[in-house]
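Just so you know, ligand 1 is whichever comes first in the structure, and atom 1 is the first atom listed for that ligand.
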Amino acid sequence: MTGYAPTAPTPASSRATGRRVVVVGAGVVGLGAAAEAHRRGHRVTVVEQASEVVGSSVQNFGHVCVTPQAGVARGYALAARERWLSLGSAAGFGVVPVGTHVVARTATEQRLLGELAAERGPDEVRLLDAAEVRAAVPVRPGPVVGGAHLPLDLLVDPRAAAPALARWLEAQGVTFRWRTAARAVAPGRVETTRGVLEADVVVVAAHHDLDRLLPELAEEIGLRRCRLHMLRVAPARPLGLATPLLTGWSMVRYAAFAACSSAPDVADELAVADPGAAAWDVNLMATPQGGTLILGDTHGRATDAPVFQDEEGFDLLLRLGRDLFDDDLFGRGARVVERWQGTYATAPGREFLVAEPAPGVHVATVTTGIGMTTGLGLAADVLDRAGLAA
Ligand SMILES: Cc1cc2nc3c(=O)[nH]c(=O)nc-3n(C[C@H](O)[C@H](O)[C@H](O)COP(=O)(O)OP(=O)(O)OC[C@H]3O[C@@H](n4cnc5c(N)ncnc54)[C@H](O)[C@@H]3O)c2cc1C
């Protein structure tokens, strides 16, 4: 396990031997890079344009969905899993190893889960029958044919985790420059709205705002913003759900499911059964957070992310929620307590952008909605590439 045991606070100025690392962006990727660089003995400064952690890293479900990843993302997710557990215990925020439940509402969806179980084995995918799913998840009895439990997955509270990590890093001696925007990055220096910072290594973790800091690089990969409808619902009775919950809509989205041979059939089935939801590119999923249910999400891609949200997206999520969950949980008496628009970076055909656009300037961007799962692993990899040895 990668240890992040608390060290005696060491102000950046007293870490005489380390290299000067400036990180742009205090989201999970930037904070992950800061934590890792500090652990490796370097002098770290984080530059964040906002006054606190405000980006995607607090807007999400808090679902660290390891098993649904494949390829490079799987490697990052496995590395990130260790880091979440270690950082949660060092910085004092909750990281709950409860796994994920996946509900299958058709035989085709259950067949797909069987294919994934055959590939990954029982340590990663435990198939469930309908009664087992209903015992773990407050879903309507009708259409449930089975499901699976993915024990490797974690649950964090996104509004607590990254802010707690930032506070802990500050206490450990990482310097934070809040309300300070990076205006330009170049070899050896970061020009900010409060002056120039000298750096041996710059890590740009500006997420979708990469298109404002390094527009040519963002344009080269077709970086855009993905906007999501999100709801927090206070249920009518105590939740009875301890894990994140995925559905068939998630099976056609995450790479490990989507690589299964039944994935095209699941996609066709969903598109025929609910063309309205398919048109919104829905991923029906939920996580329990503080006695409430975070429910999402829709996807719409554009260069910018205007704040105006179509009520149709929220109506759709509520309809899908009512179809999925027990009446006495989600029906009369359940209340929407928050609505918001989440925004994350997206780029055609890629999950990550790792680049060194100028010597010593390293870009670390997750270009799809899996940064809570993979971001801490990506951050460590970028430091390795920058020559900041572990
Ligand atoms: C609604 C929603 C649900 C999601 N659900 C999940 C999930 O359950 N599981 C999962 O794995 N992933 C999920 N994701 C994706 C995940 O949240 C993101 O991939 C991840 O948070 C990205 O982290 P980040 O640090 O790159 O970006 P951010 O958290 O957006 O942080 C980037 C920071 O950089 C700062 N910044 C930008 N430009 C500058 C500049 N020039 N100078 C200074 N600061 C700058 C910004 O202010 C911001 O604070 C979800 C995303 C959304 C929006």
(request) Please answer whether the main-chain N or O of Ser56 pairs with a side-chain N or O of Asn60 as donor and acceptor at a distance below 3.5 Å. (result) yes
(message) Which Ile, Leu, Val, Met, Phe, Trp or Tyr residues join Val307 in one cluster when any pair of side-chain heavy atoms under 4.5 Å counts as a link?
(response) Phe308
(message) Less than 3.5 Å apart, any donor N or O on the side chain of Asn283 or Ser250 sitting next to an acceptor on the other?
(response) yes
(message) Checking Glu312 against Trp280: is there a side-chain donor and acceptor pair closer than 3.5 Å?
(response) yes
(request) Sequence neighbours left out, what passes salt bridge (Lys or Arg N to Asp or Glu O under 4.0 Å) with Asp211? Give chain and number order. (result) Arg225
May I have the N/O to N/O pairs between ligand 1 and the protein that fall below 3.5 Å, each with atom names and distance to one decimal?
from, atom 1, to, atom 2, distance (Å)
ligand 1, 8 (O), His63, N, 3.3
ligand 1, 9 (N), His63, O, 2.7
ligand 1, 11 (O), Ile370, O, 3.4
ligand 1, 11 (O), Met372, N, 3.0
ligand 1, 11 (O), Thr373, N, 2.7
ligand 1, 11 (O), Thr373, OG1, 2.6
ligand 1, 12 (N), Gly369, O, 3.1
ligand 1, 12 (N), Gly371, N, 3.4
ligand 1, 12 (N), Met372, N, 3.3
ligand 1, 17 (O), Ser56, O, 3.3
ligand 1, 17 (O), Asn60, ND2, 3.3
ligand 1, 19 (O), Gly371, N, 3.0
ligand 1, 21 (O), Ser57, N, 3.2
ligand 1, 21 (O), Ser57, OG, 3.0
ligand 1, 23 (O), Ser57, OG, 3.3
ligand 1, 25 (O), Val28, N, 3.1
ligand 1, 25 (O), Val29, N, 3.0
ligand 1, 27 (O), His207, ND1, 3.1
ligand 1, 29 (O), Ser56, N, 3.3
ligand 1, 29 (O), Ser57, N, 2.9
ligand 1, 29 (O), Ser57, OG, 2.5
ligand 1, 30 (O), Ser56, N, 3.1
ligand 1, 30 (O), His207, ND1, 2.9
ligand 1, 41 (N), Ala182, O, 3.0
ligand 1, 42 (N), Ala182, N, 2.9
ligand 1, 44 (N), Gln49, N, 3.1
ligand 1, 47 (O), Glu48, OE2, 2.6
ligand 1, 47 (O), Gln49, NE2, 3.0
ligand 1, 49 (O), Glu48, OE1, 2.7
ligand 1, 49 (O), Glu48, OE2, 3.1

(request) For Asp268, check salt bridge (Lys or Arg N to Asp or Glu O under 4.0 Å) against everything at least two apart and list the hits. (result) none
